[in-house]
Amino acid sequence: MIEIGFSILSSDFAELGSVMGKYENLVDFIHMDIMDGNFVPNLTFGVPVIDSLRKKTKILFEAHLMVTNPLRQWEWYAKSCERILFHIEAENPKRILKKMKGVEKGIVLNPETDVKKIIPFLEEIDVALLMSVAPGFAGQKFKGEVLKKIFRLRNIIDRKNLKCKISVDGGINHTTAKLCSEAGVHQIIASSWLTTGDVAKKINFLKSLS
Ligand code: DX5
Ligand code: ZN
């Protein structure tokens, strides 16, 4: 079964406490989009906000660090987030993976980054997150080129029998989720699509994908 992560990016930030209550029993984890206004042209939230949300729920928190200096900042989130993902475009994985301890680890690839770049690190990480939009904003259109990357990575992971899960982030809806599941994704992250309409029904649909 595919795991579902809800990104709070398109939630009403004045209501984040109740957002936790709404989603904690529906999804597998909460995805925190941390943007520094430098690595990406947008600024979101940081440690104080996540620490406050941590007190509201026990669900797994995943930090998606869209920051220029993850080597310095990952530890800030290690207390509140069980899983921390950094961009390969921001830091040399060899350097940071050596330091990351006590959390699940993930590497994120931008849409234009060659999937080959993550292959040497697959044995050391828990998640390979493939962006299907340019990082920075919710509500963008899904970039179909990611499907080939998912397919290729899934073949490698299965062939080598690795524990690393493939995750996809950006532009997820009914149609694109199905395409990602057919390509072999293990986890799906969605934000704007999961904030409107019958959210429970949409999540049940996502969970029915395998
Ligand atoms: C984009 C973020 C995504 C984003 C997804 O920079 O990393 O997690 O919130 O939003 P939707 O699902 O609306 O594309
Ligand atoms: Zn994200």
Side-chain angles (χ1 to χ4, degrees), residues 2-7 9 28-36 38-40 42 44 46 50 60-78 80-136 140 142-143 145-172 180 183-191:
I2 288 186
E3 289 175 27
I4 317 299
F6 174 65
S7 154
L9 189 57
D28 298 292
F29 59 92
I30 300 289
H31 178 91
M32 304 286 185
D33 283 312
I34 297 154
M35 306 186 188
D36 67 353
N38 188 37
F39 182 70
V40 289
N42 196 6
T44 53
I50 300 180
L60 188 146
F61 282 179
E62 165 177 282
H64 175 189
L65 300 183
M66 283 164 273
V67 303
T68 301
N69 196 340
L71 185 65
R72 189 161 65 90
Q73 295 187 8
W74 75 268
E75 220 165 357
W76 300 355
Y77 298 95
S80 52
C81 298
E82 290 83 359
R83 185 154 66 226
I84 298 185
L85 318 179
F86 65 90
H87 274 258
I88 200 165
E89 299 84 7
E91 184 52 83
N92 176 350
K94 231 188 228 165
R95 217 150 72 116
I96 184 169
L97 287 172
K98 244 195 307 187
K99 304 222 156 149
M100 286 174 91
K101 301 244 155 58
V103 288
E104 289 186 31
K105 308 168 196 179
I107 298 180
V108 190
L109 259 57
N110 277 341
E112 68 280 4
T113 302
D114 194 322
V115 76
K116 265 198 278 191
K117 297 221 165 128
I118 204 173
I119 295 173
F121 308 104
L122 288 177
E123 277 161 47
E124 286 178 71
I125 58 176
D126 301 282
V127 169
L129 173 57
L130 303 177
M131 293 301 299
S132 38
V133 298
Q140 303 180 71
F142 181 84
K143 290 178 184 277
E145 306 90 90
V146 76
L147 297 170
K148 266 193 262 152
K149 290 163 92 173
I150 295 172
F151 185 76
R152 185 158 166 213
L153 212 49
R154 179 64 188 256
N155 277 334
I156 297 169
I157 285 173
D158 286 355
R159 192 157 24 87
K160 296 190 173 173
N161 203 14
L162 302 175
K163 66 165 188 191
C164 176
K165 291 179 180 167
I166 305 167
S167 190
V168 66
D169 184 14
I172 290 297
C180 291
V185 86
H186 300 99
Q187 297 180 336
I188 281 178
I189 292 149
S191 190

I need the minimum non-hydrogen distance between P93 and I88, along with the two atoms involved.
CG-CG1, 3.6 Å

With a 3.5 Å distance limit and no angle check, can you tell me whether D28 reaches the backbone of G5 through a side-chain donor-acceptor pair?
no

Counterpart residues, ring-ring contact (aromatic ring centres under 6.0 Å, His included), relative to H31 (two or more places apart):
H64

Quick one: CD1 on I156 to CG on L162, what's the gap to the nearest 0.5 Å?
9.5 Å

Would you please say whether a donor-acceptor pair under 3.5 Å links the side chains of D33 and T44?
no

One should read off an interatomic distance between I4 CD1 and I30 CD1, to the nearest 0.5 angstrom, of 12.0 Å

Using every non-hydrogen atom in the two residues, find where A134 and Q140 come nearest and quote the distance to one decimal.
O-NE2, 2.7 Å

Of all residues at least two apart in sequence or in a different chain, which pass the side-chain hydrogen bond (donor to acceptor under 3.5 Å, both in side chains) check with N38?
T68

I189 CD1 to E3 CD distance, which is reported to the nearest 0.5 Å:
10.0 Å

Would you say that F29 contacts Q187 through its side chain, given a criterion of any heavy-atom pair below 4.5 Å between the two side chains?
yes

Going by the rule side-chain hydrogen bond (donor to acceptor under 3.5 Å, both in side chains), which residues pair with E82 if we only count those two or more places apart in sequence or in a different chain?
R54

What is the minimum heavy-atom distance between S132 and V146, and which atoms define it?
CB-CG1, 3.8 Å

Mind checking side-chain hydrogen bond (donor to acceptor under 3.5 Å, both in side chains) for D158 and listing every partner two or more places apart, or none if nothing turns up?
R154

L147 versus C180: any side-chain heavy-atom pair under 4.5 Å?
yes

Main-chain N/O of N110 paired to E89 side chain as donor or acceptor, under 3.5 Å
yes

Any chance you could measure I166, atom CD1, to I188, atom CD1, to the nearest 0.5 Å?
11.5 Å

Write down the atom of F61, the atom of S80, and the distance for their closest heavy-atom approach.
CD1-O, 3.5 Å

Kindly determine whether I50 and I34 satisfy side chain to side chain contact (heavy atoms under 4.5 Å, CB included), including the steps that lead there.
CA-CA 10 Å; I50 300 180; I34 297 154; 3.7 Å; yes

Which atom pairs, donor and acceptor, lie under 3.5 Å between side-chain atoms of residues 97-104 and protein residues at least two apart or in another chain?
{"unit_1": "K101", "atom_1": "NZ", "unit_2": "K98", "atom_2": "O", "d": "3.2"}
{"unit_1": "E104", "atom_1": "OE1", "unit_2": "R83", "atom_2": "NH1", "d": "3.1"}

Rounded distance [0.5 Å steps], CD in E62 versus CG in D169
8.0 Å

Do E112 and E145 have side-chain heavy atoms sitting under 4.5 Å apart?
no

Any donor-acceptor N/O pair, D114 side chain to K117 backbone, under 3.5 Å:
no

Is it the case that the side chain of S191 and the backbone of S7 share a donor-acceptor pair, with hydrogens and angles ignored and the cut-off at 3.5 Å?
yes

Determine whether a donor-acceptor pair (N or O, by modelled atom type, separation under 3.5 Å) exists between the side chain of K149 and the backbone of P111.
yes

Find out whether I107 and F86 are in side-chain contact, i.e. whether some heavy atom of one side chain is under 4.5 Å from a heavy atom of the other.
yes

Separation between SG of C81 and CG of L65, rounded to the nearest 0.5 Å
8.0 Å

Looking only at non-hydrogen atoms, find the nearest pair between G170 and F142 and report the distance.
O-CD1, 3.4 Å

Extract all donor-acceptor atom pairs below 3.5 Å that involve side chains of residues 121-128 and protein atoms in other chains or at least two apart in sequence.
{"unit_1": "D126", "atom_1": "OD1", "unit_2": "K163", "atom_2": "NZ", "d": "3.2"}
{"unit_1": "D126", "atom_1": "OD2", "unit_2": "K105", "atom_2": "N", "d": "2.8"}

Taking all atoms of both residues into account, what is the closest heavy-atom pair of G171 and V133, and its distance?
N-CG1, 3.8 Å

